[in-house]
Number of protein chains: 2
Amino acid sequence: MAEKVTIYDISKKLKISAATVSRALNNNPKISEKTRELVLKTATEMNYKQNRLAQALKSGRTNNVGVIVPFINRSFFSSVIRGIEEELSPHGYHVIICQTHEDVNNEIKQIDTLLNTQVDGIFMSVAKTTQDTTHIQKALAENTPLVFFDRKKDVKGLSSVVIDDFKGGYLATKHLIEQGCKKIAHFSGDLNVEIYKNRRQGYLKALKDNGITPLKRFSLPVNSKLESGTSAVKDLWKFDEKPDAIFSSSDYAALGAIQELRQMGIKIPEEVCVVGFSNEPFTKYMELPITSVDQTPFEMGKIAAQVFLEQIEGSKTLTIEKKVVLTPELYIRDSSNRKL
Amino acid sequence: MAEKVTIYDISKKLKISAATVSRALNNNPKISEKTRELVLKTATEMNYKQNRLAQALKSGRTNNVGVIVPFINRSFFSSVIRGIEEELSPHGYHVIICQTHEDVNNEIKQIDTLLNTQVDGIFMSVAKTTQDTTHIQKALAENTPLVFFDRKKDVKGLSSVVIDDFKGGYLATKHLIEQGCKKIAHFSGDLNVEIYKNRRQGYLKALKDNGITPLKRFSLPVNSKLESGTSAVKDLWKFDEKPDAIFSSSDYAALGAIQELRQMGIKIPEEVCVVGFSNEPFTKYMELPITSVDQTPFEMGKIAAQVFLEQIEGSKTLTIEKKVVLTPELYIRDSSNRKL
DNA sequence: TTGTAGGCGTTATCAT
DNA sequence: ATGATAACGCCTACAA
C-alpha cells in the first residue's frame, strides 16, 4: 500500500514549513512565484494528493451533496439525478443517493444522516406519505441548502424546481379536445399529492375553457400500475355514456387502459384517444406509441443543481428562496393523433 | 444556525473528560454503566451528532462507497445501484455515483477523485473503450476494495460480479431452436467487449450442440439503437435465404428488428422469432411482448455489495479475489413463443 | 474506571 | 515571504 504523502512530507523534503506548502498549493498570493513552482513540482513528483477529509474537517465543506428520492431506478428520478450529477461534477461535487421507498420515516433518517455526514446541500423529491415537514426544516436550521424537485413541500426559505403540472394537465386535455374529443375521462393519482392535484386542475380548467362540463364519474383515481388502468376502464365502460378520451396522470395506467380498450375491440385513437403523463421510455416504443407529457427530468436536475450553486456561491446572509417552474412538453403520438 | 455540539460540550456539562464521553458513545467496555447511560442521555438531550468527518479523518474510513457507471439513468445500471444502496445503507454506507459516459478518460478521473475523497470501496462497470487498467490498479495500490459488476476487466486481486453471458446467449438460442427455428441470426454488440463476445459464444455453442452450422452472414454487429436493428434486418433480408429467428444482444435492436419485420409483413413469431437481451422494461409492455434475457441487475448490485462487505470485514491481510457469476434468466414472451 | 495528551492532514492567524 | 502554532472533532495509547 502506497504511503500517503502529506504536506509535511513535502515541507521536509524542501526544508520549508508546511504552511508554505499549503499556501503554494492553494494559490495563496502571499508567496513567491519561485517557491510556488517548486512546491507544485515536487508535489506532483511525490504524487501528493490533497486529503479532502482533513480539508473538509477544517472548512466544514465536504463537496458532497445528497439526493433523496423514492426509488433511484425509476426512469424519471434517475434522469433527474443524472442532470444533477452532470451539472455539479464539474464543480467538484460528488452526489450521494438515498432512497425513501415512499416512506416518511426513511426520509427522516436520510435527512438526518446526510446532515450528519455534512453534505453541502440536499436535493429531494418528497415521499408521497410526507405531510409534516419538521425533518425538512432541520436542513434549514443547520444552514444546509435544500432544493426540492418535482415533489415539493412549501417550506419557507427553501427553493424548488418543478414542472407546471397544471399546464401539463391543461395541455393534454386541450389536445384531446382539439382531436374532437368531448367526453374526456381523467385518471388522477393520489389527490393528496400536489402534482396530481394540479394535473387534475389543469384538466378541469381546459374542459371549462372549452365549455365542457366535467362529469364527476369521469374522474377517477388510479395508482401507477397497469392493472389500475385496466380496471378503471372496466369501471368507466359499465355505464351507457362512454368516454371518447382518457387523460391519465400515469403512463402505466394509460397503457393498462389501452390494453383493456383493445381487448374490448375499441379502436384507438379513432374511438378513444389516450394521453399519459411522464413520457416513460416505453411510451414511444409501443406499436401504438402513447402520447404523453414530458417532465423534462434531465433539465430539472440541471436546474436544481444551478439553484443550489447560486445559493452556495451567493452571499450567505441573504436567504434565497427560488421557485422555478418548468414547462412540460406534450409529445403527441399515435394513441391520440387522429391526424385531422 | 444551530451550533454544533461536540463531545467537549458534553464533557463540560458533565464535568468529565471528553475521552470518557467518547468511550460511552462508542460502547467501549471500559466504562461504568452509570456514566455510559448518563452520557447517552445528555447526548440526546443536547442533540449531539457525531461529526463523521472528524471520525473519518481519524479512522481513515468514510463510510462512503463510490459507484462508477457509464450512465446512471440506464435501467440496468440504476437497478444495480439500487441493489448496492439497499444492501449497504443498513451498514451505514452512503453511495456516491459517478458517470463515465463510456469514456475511459472520465473513468480515470472518477477513480482518482473517489480515491482522493477516501471512499471505502468502489464498484464499477467499465466503459466500453477501456483497455488499459493502470487507473484501476490504483485502487488496489491504495488498498481500496474495488468490485466490478457486469463489465469487468481481469485485474489480479479484484473481485467481480457478472452474469454468465455465455449462458444467456446459449439459453436464448436454445430456446429459439426449441421453437423450431433453424436459421438463427445473431445481432452482436461490439465484440471487443467481453460480455458481447460471450453472448455470441453462447449462441454459437447452442447452434453447434444442435447440429446447426452457423452462417457467417447471419452474425452481424449492432449498437444499442433501434435503427441498427432495422438496418440489420434490411441487410439480412437482401439475400434469398432468410433467417427464421433473431437473437439480439440488445433489446433496442430487437425492437427495431421487430418493427422492420412487421413493416415487411412478416409474422412474429410464426415466421420469425425474436429474442432480445437485458429485459428492458419496455419489452414486457409491448403489444407483442419481447422475449429477453434478464440480467438480474438488482441481485447483481446486492451481491456486489456483499462481496465488498466480506472484503472489508474479512481479515485485511488476505486479499480476496472473488468471482461471482450469476445465472441469467430467460423471460419467454410472445415474440418467440410459438406455443408448440 | 477515568483523565491526559497527541495526532489524523489541513488551513488560518499571528509573528518574524 | 515564510514559519510556528492552534484548531477543526474525534479517538486511543498511556498514565493514573
Side-chain angles (χ1 to χ4, degrees), chain A residues 1-40 42-43 46-64 92 115-120 142-143, chain B residues 1-40 42-43 46-64 92 115-120 142-143:
Chain A
M1 168 165 180
E3 284 313 312
K4 293 263 146 71
V5 14
T6 74
I7 50 174
Y8 277 93
D9 299 323
I10 301 182
S11 76
K12 268 178 218 151
K13 182 156 191 176
L14 260 38
K15 307 202 178 189
I16 56 178
S17 78
T20 308
V21 176
S22 171
R23 280 189 275 260
L25 259 19
N26 291 299
N27 285 326
N28 188 309
K30 302 202 163 224
I31 195 171
S32 77
E33 198 51 39
K34 233 182 285 178
T35 32
R36 181 205 311 290
E37 278 173 20
L38 183 62
V39 169
L40 256 38
T42 33
M46 297 175 74
N47 193 30
Y48 166 79
K49 293 282 159 58
Q50 223 175 16
N51 184 328
R52 294 179 85 226
L53 249 41
Q55 211 176 216
L57 176 61
K58 188 86 228 264
S59 67
R61 305 187 61 247
T62 55
N63 278 296
N64 288 152
L115 288 176
N116 197 219
T117 200
Q118 318 265 81
V119 289
D120 296 342
E142 302 209 2
N143 217 12
Chain B
M1 170 165 177
E3 284 312 312
K4 291 264 146 72
V5 14
T6 74
I7 51 174
Y8 279 92
D9 299 322
I10 301 181
S11 76
K12 267 178 217 152
K13 182 157 192 175
L14 260 39
K15 306 201 181 196
I16 56 177
S17 77
T20 308
V21 176
S22 171
R23 279 189 274 260
L25 259 20
N26 292 298
N27 284 328
N28 189 310
K30 302 201 162 221
I31 197 172
S32 77
E33 199 52 39
K34 235 181 282 178
T35 31
R36 180 205 314 288
E37 278 172 21
L38 183 62
V39 169
L40 256 36
T42 31
M46 298 178 73
N47 193 30
Y48 166 78
K49 292 283 156 61
Q50 223 175 19
N51 184 329
R52 295 178 85 226
L53 249 41
Q55 206 177 218
L57 177 60
K58 181 80 206 179
S59 67
R61 305 187 64 247
T62 56
N63 279 297
N64 288 153
L115 288 176
N116 197 217
T117 201
Q118 319 263 83
V119 290
D120 296 342
E142 301 209 1
N143 216 15

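Every chain is numbered from 1 and lettered A, B, ... according to where its sequence line falls, protein lines coming before strand lines.
If you take CG of N27(A) and P of dA1(D), they are 14 Å apart, rounded to a whole angstrom. Rounded to an integer number of Å, the gap from CG of L25(B) to C1' of dT12(D) is 15 Å. A straight line from CZ of R61(A) to P of dC8(D) spans 19 Å, rounded to a whole angstrom. Following rounding to the nearest Å, K49(B) (NZ) and dC10(D) (P) show an atom-to-atom distance of 13 Å. Nucleotide dT1(C) holds its C1' atom 11 Å from the NZ atom of K34(B), rounded to whole Å. Between the CD1 atom of I7(A) and the P atom of dA12(C) there is a distance of 11 Å, rounded to whole Å. Going from atom CG of N116(B) over to atom C1' of dT10(C) covers 13 Å, rounded to whole Å. Atom P of nucleotide dG7(C) and atom CG of L53(B) are separated by 22 Å, given to the nearest angstrom.
Using a 4.0 Å heavy-atom criterion, one finds that I16(A) contacts the sugar-phosphate atoms exclusively. The residue S22(A) sits close to a base: some heavy atom pair falls under 4.0 Å. Note on N26(B): only backbone sugar-phosphate atoms sit closer than 4.0 angstrom, heavy atoms only; bases stay farther off. At the heavy-atom level, S59(A) lies nowhere under 4.0 Å from the strands shown.
Considering only side-chain atoms of T20(A), the nucleotide from dG3(D), dA1(D), dT10(C) that sits closest is dG3(D). Across dG9(C), dT11(C), dA1(D), the shortest atom-to-atom separation from the side chain of Q50(A) is found for dT11(C). Comparing dG3(C), dA12(C), dC10(D) by their closest approach to the side chain of A19(B) singles out dG3(C). Closest to the L57(B) side chain, of the nucleotides dC8(C), dG3(C), dT2(D), is dC8(C). Considering only the side chain of R23(B), dA13(D) comes nearest among dC10(D), dA13(D), dT2(D).
Put simply, CD1 on I31(B) and CD on E37(B) are 11.0 Å apart, with the number rounded to the nearest 0.5 Å. Note that CD1 of I16(A) and CZ of R23(A) are 9.5 Å apart. Values are rounded to the nearest 0.5 Å.
Between A54(B) and K30(B), the residue whose closest nucleotide on DNA chain C is further toward the 5' end is K30(B).
Taking 3.5 Å as the limit, the base of dC10(D) and the side chain of K58(B) contain no donor-acceptor pair of atoms between them. A donor N or O paired with an acceptor N or O is not found under 3.5 Å between the base of dG9(C) and the side-chain atoms of R52(A).
Contact between the side-chain N/O atoms of Q55(A) and the OP1/OP2 oxygens of dT11(C) is found at a separation under 4.0 Å. In this structure, S17(B) does not reach the dT2(C) phosphate: none of its side-chain N or O atoms is under 4.0 Å from OP1 or OP2. Phosphate proximity of dT1(C) to T35(B): absent, as no side-chain N or O sits under 4.0 Å from OP1 or OP2. The side chain of T6(A) places no N or O atom within less than 4.0 Å of a non-bridging phosphate oxygen (OP1 or OP2) of dC8(C). Contact check, Y8(A) against dT11(C): no side-chain N or O comes under 4.0 Å of OP1 or OP2.
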Residue pair K4(B), K49(B): steps toward the side-chain contact (heavy atoms from CB on, under 4.5 Å) verdict: CA-CA 8 Å; K4(B) 291 264 146 72; K49(B) 292 283 156 61; over 6 Å; no

side-chain contact (heavy atoms from CB on, under 4.5 Å) between L25(A) and Y48(A), intermediate numbers included: CA-CA 10 Å; L25(A) 259 19; Y48(A) 166 79; 3.5 Å; yes

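Side-chain contact between T117(B) and N64(B) is absent, with no heavy atoms from C-beta onward closer than 4.5 Å. The shortest side-chain heavy-atom distance between V39(B) and I7(B) does not fall under the 4.5 Å cut-off.
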